[in-house]
Amino acid sequence: MRRESYMVVTRFPPSPTGHLHLGGARTALFNYLFAKKNGGRFILRFEDTDRERSKEEYVTSIISALEWLGLHWDEGPYFQSKRFELYQEYARRLYEEGKAYYCECSKDFLEERKKILQGHGLKPRYEGFCREKNLPPGPGRALRIKVSVDSEIVFEDLLRGKIVFPPDEVDDFIILRSDGTPTYHFAVVVDDITMGVTHVIRGDDHISNTPKQLIIYEALGVEPPKFAHIPMVLGPDGARLSKRHGARSILEYKEEGYLPQAVINYLARLGWGYGDQEYFTMEELIEKFDLSRVNLSPARFDPDKFLAINAYWLRAFSAEDIYPHLLPFISHYNLSKYPKEKQIEMVNSVRVRVKTLKELAEMIDFYFFDEVSFDESAKTKALRPELLPYLKAYMSEIEGLDFEDEKHLEAHFREFAERHSLKVKDLAQAIRVALTGKLISPPLFEVMRILGKVEVKRRLEKALQSI
RNA sequence: GCCCCCAUCGUCUAGUGGUCUAGGAUACUGGCCUCUCACGCCAGAGACACGGGUUCGAAUCCCGUUGGGGGCGCCA
């Protein structure tokens with residue numbers, strides 16, 4: 001019989017007990033990239049065997065985060081909660097083959113034994129009380145796998161090479177809870193087998209779990225997949241990611257004005273490098289991603305660098321590409337005030353000055369004001385009374401200027417300043433505040449051109465009245 | 001406590017025994033540019049955790065120490 005042609009299959013198996021955070025997103029990304037790079041399939045599977053903690057809202061939020069990032073799955077989403085019969089079938093097989101047995105030990109009793117063992121400085125483990133009892137299934141009985149390992153447990157990690165565990169590392173652990181639901185390790189293995197997963201790329205916090213899963217593969221008589229344990233993402237303080245920093249939902253970064261491209265780029269560079277290259281599009285990542293270049297040590301999340309990468313993509317993309325992402329941030333502005341081409345020009349003029357879409361939106365808000373709202377300190381600083389006569393003179397002169405021509409506006413402005421022995425800077429700042437309400441704005445003549453002659457005159461007049 | 005993983009500038013990394021007086025990015029400092037703020041450009045400061053080996057030669061290989069991370073559930 002001919003074997004089916006070899007195809008790479010990876011999966012991302014979040015448990016819907018929280019939002020998708022940076023660590024999870026990076027695991028998803030690496031699995032996605034590896035699959036795409038090798039022309040394989042990428043599966044999404046929700047590990048929701050813990051019905052207590054699993055929430056529908058997290059399923060929804062994880063899915064939209066993945067979609068926003070552009071991490072499209074080829075199969076799924078599967079839900080373990082809908083596959084219980086399958087796990088029970090596999091478990092029954094092990095039981096019938098004598099590779100698993102029912103255990104009637106109570107949780108309290110087990111808890112007590114654990115404490116005693118720990119008290120003796122031993123690793124807490126199940127001591128096999130029910131192993132030889134030959135108990136049939138029954139209420140309150142959990143199914144344990146019979147573990148008899150007489151040599152070291154070894155597996156070849158794609159990144160780290162051989163990883164060796166002592167023979168007594170694993171005890172007779174539970175694969176089916178007393179309520180008949182599967183435990184994590186068992187469900188994962190059955191799923192990976194039935195879904196044809198060839199490469200398991202996951203956080204290195206799973207290294208210590210791998211022996212258990214290897215034992216299940218062995219009992220089931222199935223060749224295990226290849227494993228690649230990638231280092232975890234740590235918080236800026238080097239501790240585990242917590243709510244305070246990176247454990248925030250990916251969707252929160254979306255709301256703060258990060259581009260999906262920036263998130264992908266930042267995540268890719270956390271624990272992976274490609275020479276001196278810093279910026280990658282998804283296409284480039286798919287082309288260049290390689291497990292052998294994945295770092296082995298945990299990486300800290302650095303908000304500054306993340307921001308810098310976002311700022312880079314804000315500059316690198318065209319204003320047209322950025323615009324759709326910006327829309328949600330400016331939707332409450334009076335957008336009908338300007339045609340889309342002018343809005344695009346606004347984006348163009350400020351995108352090098354901001355680091356997020358949110359900041360971008362804030363920087364162009366003045367264009368849409370009916371009444372300029374002044375920053376008081378800016379006003380006192382720049383709109384000084386002694387400038388009043390000059391501003392009036394300037395206002396009367398702009399009547400004859402071509403506002404479509406920035407160069408023309410600027411030339412006249414400089415000439416005007418010189419004629420009145422004014423510093424260009426002083427006059428510019430005064431007009432800037434008059435038009436925008438702020439000390440910081442896009443280049444003045446660009447602002448004037450986009451605003452148009454009528455609006456500029458109107459705003460100048462208003463400002464002069466208030467001095 | 002037991003077991004596992006890891007170790008280059010503050011941070012992310014390049015580096016796979018000689019090309020390393022260790023490169024890039026970010027953050028920081030100074031300068032240039034300049035109508036503001038940015039962008040950009042130039043310059044500066046900043047690291048191979050420590051101790052033993054192996055080798056003619058080690059950031060690169062081995063061992064130990066220290067430090068960091070993770071696992072040890074009828075959670076995932």
Touch check for [X], heavy atoms < 4.0 angstrom, all strands: base, sugar-phosphate only, or nothing?
| X | answer |
| --- | --- |
| A/T49 | sugar-phosphate |
| A/R202 | nothing |
| A/F306 | nothing |
| A/P442 | base |
| A/P231 | nothing |
| A/L296 | sugar-phosphate |
| A/L439 | base |
| A/G271 | sugar-phosphate |

With [atom1] as the reference atom in both, quote the distance from [N] to [M] in angstrom, rounded to an integer.
| N | M | atom1 | value |
| --- | --- | --- | --- |
| B/U19 | B/G30 | C1' | 32 Å |
| B/A45 | B/C37 | C1' | 26 Å |
| B/U26 | B/C63 | C1' | 36 Å |
| B/A58 | B/G68 | C1' | 24 Å |
| B/C50 | B/G67 | P | 15 Å |
| B/U13 | B/U60 | C1' | 16 Å |
| B/G46 | B/A27 | C1' | 11 Å |
| B/C3 | B/U21 | C1' | 43 Å |

According to the Watson-Crick and G-U wobble definitions, with both distances under 3.5 Å, which nucleotide is paired to [N]?
| N | answer |
| --- | --- |
| B/A22 | none |
| B/G44 | B/C28 |
| B/C72 | B/G1 |
| B/A58 | none |
| B/G64 | B/C50 |

Should the pair [X] and [Y] be assigned to parallel (<30°), tilted (30 to 60°) or perpendicular (>60°) ring geometry?
| X | Y | value |
| --- | --- | --- |
| A/F289 | A/F30 | tilted |
| A/Y274 | A/W272 | parallel |
| A/F416 | A/H420 | tilted |
| A/F155 | A/H229 | perpendicular |
| A/F46 | A/F79 | parallel |

Least distance between heavy atoms, A/V372 atom then A/L435 atom: CG2-O, 3.6 Å

Identify the residue among [options] that makes a side chain to side chain contact (heavy atoms under 4.5 Å, CB included) with [X].
| X | options | answer |
| --- | --- | --- |
| A/P77 | A/V59, A/L44, A/L66 | A/L44 |
| A/R459 | A/I431, A/L451, A/L464 | A/L451 |
| A/P166 | A/V164, A/V170, A/D168 | A/D168 |

Reading 5' to 3' through nucleotides 68-73 of chain B, protein heavy-atom contacts under 4.0 Å coded B for base, S for sugar-phosphate only, - for none: -SBBSS

Every protein N/O within reach of nucleotides 31-34 of chain B N/O, cut-off under 3.5 Å:
none

Under-3.5 Å donor-acceptor pair between A/R315 side chain and B/C39 base: no

Distance-only donor-acceptor test (3.5 Å): side chain A/S178, base B/C74: yes

Euclidean distance, atom OH of residue A/Y274 to atom C1' of B/G23 [Å, nearest integer]: 17 Å

Ring centres under 6.0 angstrom apart ([X], [Y]):
| X | Y | value |
| --- | --- | --- |
| A/Y394 | A/H412 | yes |
| A/F306 | A/Y253 | yes |
| A/Y279 | A/Y312 | yes |

For residues 293-302 of chain A, which side-chain donor-acceptor pairs fall under 3.5 Å, sequence neighbours excluded?
| residue | atom | partner | partner atom | Å |
| --- | --- | --- | --- | --- |
| A/R293 | NE | A/G273 | O | 3.0 |
| A/R300 | NH1 | A/P236 | O | 3.3 |
| A/D302 | OD1 | A/D304 | N | 3.1 |

Got a list of protein N/O to nucleotides 59-61 of chain B N/O distances below 3.5 Å?
none

A/D302 or A/P13, whichever maps to the more 5' nucleotide of RNA chain B: A/D302

5' precedence on RNA chain B between A/Y279 and A/S297 (nearest-nucleotide basis): A/S297

Residues within residues 159-166 of chain A bordering RNA chain B, heavy-atom distance below 4.0 Å: A/R160, A/I163, A/V164, A/F165, A/P166

Steps toward ring pair (Phe, Tyr, Trp, His ring centres under 6.0 Å) verdict (A/F173, A/F186): CA-CA 10 Å; A/F173 60 96; A/F186 193 62; 8.9 Å; no

Short side-chain N/O contact to B/A14 OP1/OP2 from A/N295, under 4.0 Å: yes

In B/C6, glycosidic geometry as syn within 90° of 0 or anti otherwise: anti

Geometric cation-pi criterion A/R269 and A/F280, 6.0 Å radius, 45° cone: no

Non-neighbouring partners of A/Y390 that pass side-chain hydrogen bond (donor to acceptor under 3.5 Å, both in side chains), sequence neighbours left out: none

